[in-house]
Amino acid sequence: MRFLLPLFIILPIIEMWVLIQVGGVIGAWPTIGLVLLTAMIGLHLLRQQGVSTLMRANQKIAEGGLPAQEMLEGIVLAVGGALLLTPGFFTDTIGFICLLPLTRQLMVKHMLKKGLFMASAQMTGNSAFSSEFNANAGFAKHSSSSQGDVIDGEFSRDDQDKISKS
């Protein structure tokens, strides 16, 4: 999270510089028009890709699978949509990268491969199972009977305590 503060300082500076440069070349009104045009195109693309991702997630759920990739794609789509609504060409470029299916799917596969996100699902009843995503092994299903022991607990990270005490 340390990168957020510099990001919120540097990103607007980059956006202002690019907008000034473009405005100096093509003029203020055409620059404003381009910013509005990219926002409208982005919203259309966001709606189209969002519906497509939702349909794939529903299909995977109907097949009994866990739509982990589709859920992460939804997050990337939301971030891309927010970036497209932010005025500026730099954020629009990043937003379009998030919305294009090929680059979005590559980003999500990379995040899953690196283990940046963990997904789990659990059902109870006669056929209890849990499905966990492991970055190295993919999805692994663990079967258990409904009469098995259930251990419930909480955890805390010791390294967070050390950081806050320093």
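Positions are given from 1, in the same order as the sequence printed here.
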Decide yes or no on side chain to side chain contact (heavy atoms under 4.5 Å, CB included) for T31 and V25, but give the supporting numbers first.
CA-CA 9 Å; T31 302; V25 172; over 6 Å; no
Steps toward side chain to side chain contact (heavy atoms under 4.5 Å, CB included) verdict (V35, L19)
CA-CA 9 Å; V35 168; L19 285 170; 3.8 Å; yes
One pair to check against side chain to side chain contact (heavy atoms under 4.5 Å, CB included): E15 and T91. What are the steps and the verdict?
CA-CA 8 Å; E15 287 293 6; T91 53; 2.8 Å; yes
Can you find a pair of side-chain heavy atoms, one from I41 and one from L84, that are under 4.5 Å apart?
no
Side chain to side chain, L72 and L112, heavy atoms closer than 4.5 Å:
yes
Do L37 and L99 belong to the same hydrophobic cluster, where Ile, Leu, Val, Met, Phe, Trp and Tyr are linked whenever their side-chain heavy atoms lie under 4.5 Å apart, directly or via other members?
yes
Smallest heavy-atom separation, P101 atom then Q49 atom, equals CG-OE1, 3.3 Å
OG1 of T93 to CZ of F89: how many Å apart, nearest 0.5 Å?
9.0 Å
Restricting to non-hydrogen atoms, name the atom on P12 and the atom on L7 that form the minimum distance, rounded to 0.1 Å.
CD-O, 3.9 Å
Any side-chain heavy-atom pair from M107 and I97 closer than 4.5 angstrom?
yes
Note, E73 side chain near Q69 side chain (heavy atom, < 4.5 Å):
yes
Treating Ile, Leu, Val, Met, Phe, Trp and Tyr as nodes and any side-chain heavy-atom pair under 4.5 angstrom as an edge, say whether I61 and L54 lie in one connected cluster.
no
Pair L83-D92, side chain to side chain contact (heavy atoms under 4.5 Å, CB included): steps then yes or no:
CA-CA 6 Å; L83 289 172; D92 286 349; over 6 Å; no
Rounded to the nearest 0.5 Å, how far does CD1 of I10 lie from CD1 of I14?
6.5 Å
How far apart are the closest heavy atoms of L77 and L46, and which atoms are they?
O-CD1, 3.4 Å
Would you say that W29 contacts I32 through its side chain, given a criterion of any heavy-atom pair below 4.5 Å between the two side chains?
yes
Test item: L43 and L85 side chains (from C-beta on) under 4.5 Å apart, heavy atoms:
yes
Are the side chains of L100 and R104 in touch, meaning some heavy atoms are under 4.5 Å apart?
no
CG-SG distance between L45 and C98, expressed to the nearest 0.5 angstrom
11.0 Å
Value rounded to 0.5 Å, distance of CD in Q59 from CD in E70
9.0 Å
Would F90 and V79 show up in the same hydrophobic cluster when neighbours are defined by side-chain heavy atoms closer than 4.5 Å?
yes
So with a 6.0 Å cut-off around CZ of R56, is the heavy-atom count from everything else above 12?
yes
For the CG atom of L102 and the CG atom of L106, what is their distance to the nearest 0.5 Å?
4.5 Å
With a 4.5 Å cut-off on side-chain heavy-atom distances among I, L, V, M, F, W and Y, is there a chain of contacts connecting V108 to I75?
yes
So how far is it from Q21 CD to M16 CE, rounded to the nearest 0.5 Å?
13.0 Å
Could you tell me if the side chain of T103 sits less than 4.5 Å from the side chain of F96, heavy atoms only?
no
